[in-house]
Amino acid sequence: MTLMFICAALGTSILNLDTLVAQEDASKLSVTQLGSDKHASEFLISIADQVPLHIHKHHTEIIYILDGTGDMTINDKVVKIKKGDYIRVPENTQHGVTVTSSNPLKVLSVQTPQYKGLDKHLVE
């Protein structure tokens, strides 16, 4: 029984994230939804420049850095992030990132519960 057949039978997905998201325009943010149900939503995000400081009032965000480097602001602290880093951002936590690598920052973002795009609030 092949892995693809097993995944199809179980309703799961296997994707190679290294082959997804080709950054065509260095000025853009690219978001690819990988999956979603009532429990969580998963996204592959490519960030060329920055994501402004914001909060999610009703979501926890889990971020895994797949490629690139950046300076991530979490509340009042700035931390260096790089490939392999895992970041858990609880709800109501200010966070944003500025890319420091020449290539885009590529991240796997998991929002829980299901994220429908309405819970991103910019911090002034």
Using 30° and 60° as the class limits, which term best fits the ring planes of H95 and H54: parallel, tilted or perpendicular? tilted
What's the separation between atom [atom1] in [X] and atom [atom2] in [Y], rounded to the nearest 0.5 Å?
X    : Y    : atom1 : atom2 : value
K106 : S30  : NZ    : OG    : 9.5 Å
I55  : T93  : CD1   : OG1   : 8.5 Å
K83  : L105 : NZ    : CG    : 12.5 Å
L118 : H58  : CG    : NE2   : 10.0 Å

Kindly give the heavy-atom pair with the smallest separation between [X] and [Y], and that separation in Å.
X   : Y    : result
G96 : L53  : N-CD1, 3.8 Å
I45 : S109 : CD1-CB, 3.7 Å
R88 : P90  : O-CD, 3.4 Å
N92 : K57  : OD1-CA, 3.5 Å
L34 : F43  : CD1-C, 4.1 Å
G84 : Y64  : O-CE1, 3.5 Å

Walk me through whether S41 and Q114 qualify under side-chain hydrogen bond (donor to acceptor under 3.5 Å, both in side chains). CA-CA 5 Å; S41 298; Q114 183 178 35; 4.8 Å; no
Tell me whether T112 contacts the main-chain N or O of H39 through its side chain, where contact means a donor paired with an acceptor under 3.5 Å. yes
Decide yes or no for [X] and [Y]: does some side-chain heavy atom of the first lie under 4.5 Å from some side-chain heavy atom of the second?
X    : Y    : value
L44  : L66  : yes
I65  : I87  : yes
K38  : P113 : no
Y115 : E61  : no

Decide whether [X] and [Y] are clustered together by the hydrophobic rule: side chain heavy atoms of Ile, Leu, Val, Met, Phe, Trp, Tyr closer than 4.5 Å, transitively.
X    : Y   : answer
I47  : V79 : yes
V110 : Y86 : yes
V89  : V31 : yes

Does a donor on one side chain and an acceptor on the other come within less than 3.5 Å for H56 and D119?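 No, D119 and H56 have no side-chain donor paired with an acceptor closer than 3.5 Å.
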Does a donor on one side chain and an acceptor on the other come within less than 3.5 Å for T73 and Q94? no
When I81 is tested against each of V97, I63, D71, T69 for side-chain contact (heavy atoms from CB on, under 4.5 Å), which residue passes? V97
